[in-house]
Number of protein chains: 2
Amino acid sequence: MSTDSDLAEVDTTAKRPRGRPRKTVDERDDGNRRVALLTAAASLFRRQGFAATTTRDIAAAAGMQSGSPFYHFKSKDALLFAVMESGMHAALARQRSAVQAPGHAGLPAHAQLRQLVQVHFDVLLGPGNDFVPVMLYESRSLPARQRKLLAQLISEYESLWTPVLNALRDSGQLRAPVGLARLLILGALNWSVQWFDPKKGASVQDLTDAATALFLN
Amino acid sequence: MSTDSDLAEVDTTAKRPRGRPRKTVDERDDGNRRVALLTAAASLFRRQGFAATTTRDIAAAAGMQSGSPFYHFKSKDALLFAVMESGMHAALARQRSAVQAPGHAGLPAHAQLRQLVQVHFDVLLGPGNDFVPVMLYESRSLPARQRKLLAQLISEYESLWTPVLNALRDSGQLRAPVGLARLLILGALNWSVQWFDPKKGASVQDLTDAATALFLN
DNA sequence: CCTACCGATCGGTAGG
DNA sequence: CCTACCGATCGGTAGG
């Protein structure tokens, strides 16, 4: 997991940034407590859904009183958006650093796909990684404008997959149109959020093996 | 689409059943209006989510006053459960009648998988088919007891896939463990609810082609 | 199935 | 970040 300031999902131990980067007009950035609210919200939104989660629930989980979240976030919507944006930034950062790792570009396409799949599973299923699942399953709850902002990040994320899938398609290892293949593959991975249980048999490695074996010739 | 009484998803024209089969203690069965509530609820639950949908919204969509849904359903939860149960019964009926169609048993395994995939896409994406998507994406909102009842139906549904996948695995056409393969494949299909747009390029046929090509050797 | 209504809860705010 | 609070909304009900 990267340690880059306020975008790391579970880095509750982050020191207050000195030159604090104010992110949007909707939020303040007071370091510690704000992160506590984000992680509490992500966990609750994932377990109960956005609409079924109370700002009072979130406040209590972060050890605050009922009105205090609104000192850090303008609204419940802004809190949801911050969770999703933060999750997508972390996922993008992890996927990019995997792709840019030395020697990665020289790997055969099927090994590159395997990398993408593994990191994706880890982003979804790793311990404490609630941010991206919330983004996947609660985007309906976002106001249209903020949903468009997120769509941009999602599009960037998908663009990491396209060249790899194109190469696989060209070499005959992928037998479906690349556009639909990407949607179907990401769907197969994203759905794991619904059924994966770390206490049960399969590990993230097992899932990665099964998925790549399933999709490739 | 089958026409079997109150379980058909979009059959708003159903006549009142004579020997009315009272289904559970939680609901009455007055035919017409009850079905109107179910279809209105399914549509709203799908678009807005369960928690964000008001019983007043549902009543208005069915042309009733705010208190009237509770004449037909004991609670908002009971309405959600009825939507899900009805959707799963319809899906099971459609999948079974496809499997039992004359000549189907003689088809090669890859053609049987194609059938399952096509019917599944149609259940999810066909016009007015909101019931099963609600079940897929709102089961979190169900009380534990009713979730267990649904799990039974889901398990029956999945059991239709297992022998086909086993046959494909044995003949080398499927290269992943059957258990994980089933989860991944159904995930790829289920996720289409999030992105499929009938007004855009791809048709359900296209999706079926792409999915079978992607999964099979 | 409608009318009229209740108790509880919720997002959000003022003022410190 | 807390205290105290408001206005609105919501699931559900009694009585017809």
Side-chain angles (χ1 to χ4, degrees), chain A residues 6 12 16 20 22 24-42 44-45 47-83 134 138 140-143 146, chain B residues 6 12 16 20 22 24-42 44-45 47-83 134 138 140-143 146:
Chain A
D6 54 9
T12 323
R16 318 211 163 165
R20 58 173 71 170
R22 184 145 297 169
T24 87
V25 195
D26 286 0
E27 322 154 14
R28 307 189 181 217
D29 187 344
D30 295 276
N32 234 345
R33 312 306 304 144
R34 187 174 175 282
V35 171
L37 280 170
L38 278 179
T39 59
L44 288 164
F45 289 162
R47 241 187 310 147
Q48 314 175 351
F50 173 73
T53 298
T54 287
T55 56
R56 283 167 170 80
D57 293 342
I58 299 166
M64 297 177 187
Q65 297 303 314
S66 68
S68 303
F70 297 98
Y71 172 77
H72 295 277
F73 294 91
K74 184 185 164 198
S75 67
K76 192 187 175 191
D77 280 350
L79 189 42
L80 176 64
F81 178 72
V83 166
V134 167
E138 290 294 337
R140 204 175 34 183
S141 306
L142 262 196
Q146 300 184 318
Chain B
D6 55 7
T12 324
R16 319 212 162 162
R20 60 172 70 171
R22 182 147 301 171
T24 87
V25 195
D26 286 358
E27 322 154 12
R28 305 190 181 216
D29 189 344
D30 295 277
N32 232 346
R33 312 304 305 142
R34 186 174 177 283
V35 172
L37 280 171
L38 278 178
T39 59
L44 289 165
F45 289 162
R47 242 186 309 147
Q48 314 176 352
F50 174 73
T53 298
T54 287
T55 56
R56 285 166 169 81
D57 292 343
I58 299 167
M64 297 176 186
Q65 297 302 315
S66 68
S68 302
F70 298 97
Y71 172 76
H72 296 277
F73 294 91
K74 183 187 167 198
S75 67
K76 194 188 175 192
D77 280 350
L79 188 42
L80 176 65
F81 179 71
V83 166
V134 167
E138 291 294 337
R140 201 177 36 185
S141 307
L142 262 196
Q146 300 183 319

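All heavy atoms count here, side chains included; hydrogens, waters and symmetry mates do not. In the text below, chain A, chain B and the rest are named by the order of the sequence lines, each starting its count at 1. Every value quoted in this text rests on a predicted model; they were computed, and no experiment measured them.
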| note | d(B/Leu79 CG, B/Leu37 CG) to nearest 0.5 Å is 6.5 Å
| task | Mind checking side-chain hydrogen bond (donor to acceptor under 3.5 Å, both in side chains) for B/Ser141 and listing every partner two or more places apart, or none if nothing turns up? | result | B/Glu138
| remark: Sequence neighbours excluded, the answer for side chain to side chain contact (heavy atoms under 4.5 Å, CB included) partners of B/Ala42 is B/Val83, B/Asp130, B/Phe131
| task | Find the distance between NZ (A/Lys76) and CD1 (A/Ile58) and round it off to the nearest 0.5 Å. | result | 6.5 Å
| message | Run through DNA chain C and report every stem of 3 or more consecutive Watson-Crick or G-U pairs, distances under 3.5 Å, ordered by first number. | response | C:1-16 with D:1-16
| field | Sugar-phosphate or base contact per nucleotide [nucleotides 3-16 of chain C; S, B, -; heavy atom under 4.0 Å] | value | B-B----BBBB---
| task | Calculate the interatomic distance between A/Met64 atom CE and D/dC1 atom P; express it in whole Å. | result | 4 Å
| field | B/Arg33 side chain to B/Ala62 backbone, donor-acceptor under 3.5 Å | value | yes
Pair up each side-chain donor or acceptor in residues 50-57 of chain B with any protein partner under 3.5 Å, not counting sequence neighbours, and list the distances.
{"residue": "B/Thr53", "atom": "OG1", "partner": "B/Leu44", "partner atom": "O", "Å": "3.4"}
{"residue": "B/Thr53", "atom": "OG1", "partner": "B/Gln48", "partner atom": "OE1", "Å": "3.3"}
{"residue": "B/Thr53", "atom": "OG1", "partner": "B/Gly49", "partner atom": "O", "Å": "2.7"}
{"residue": "B/Asp57", "atom": "OD2", "partner": "B/Thr54", "partner atom": "N", "Å": "3.1"}

| message | If the condition is salt bridge (Lys or Arg N to Asp or Glu O under 4.0 Å), which residues does B/Arg47 pass it with, not counting sequence neighbours? | response | none
| remark: Nearest heavy-atom approach of B/Pro69 to B/Gln65 is CD-O, 3.5 Å
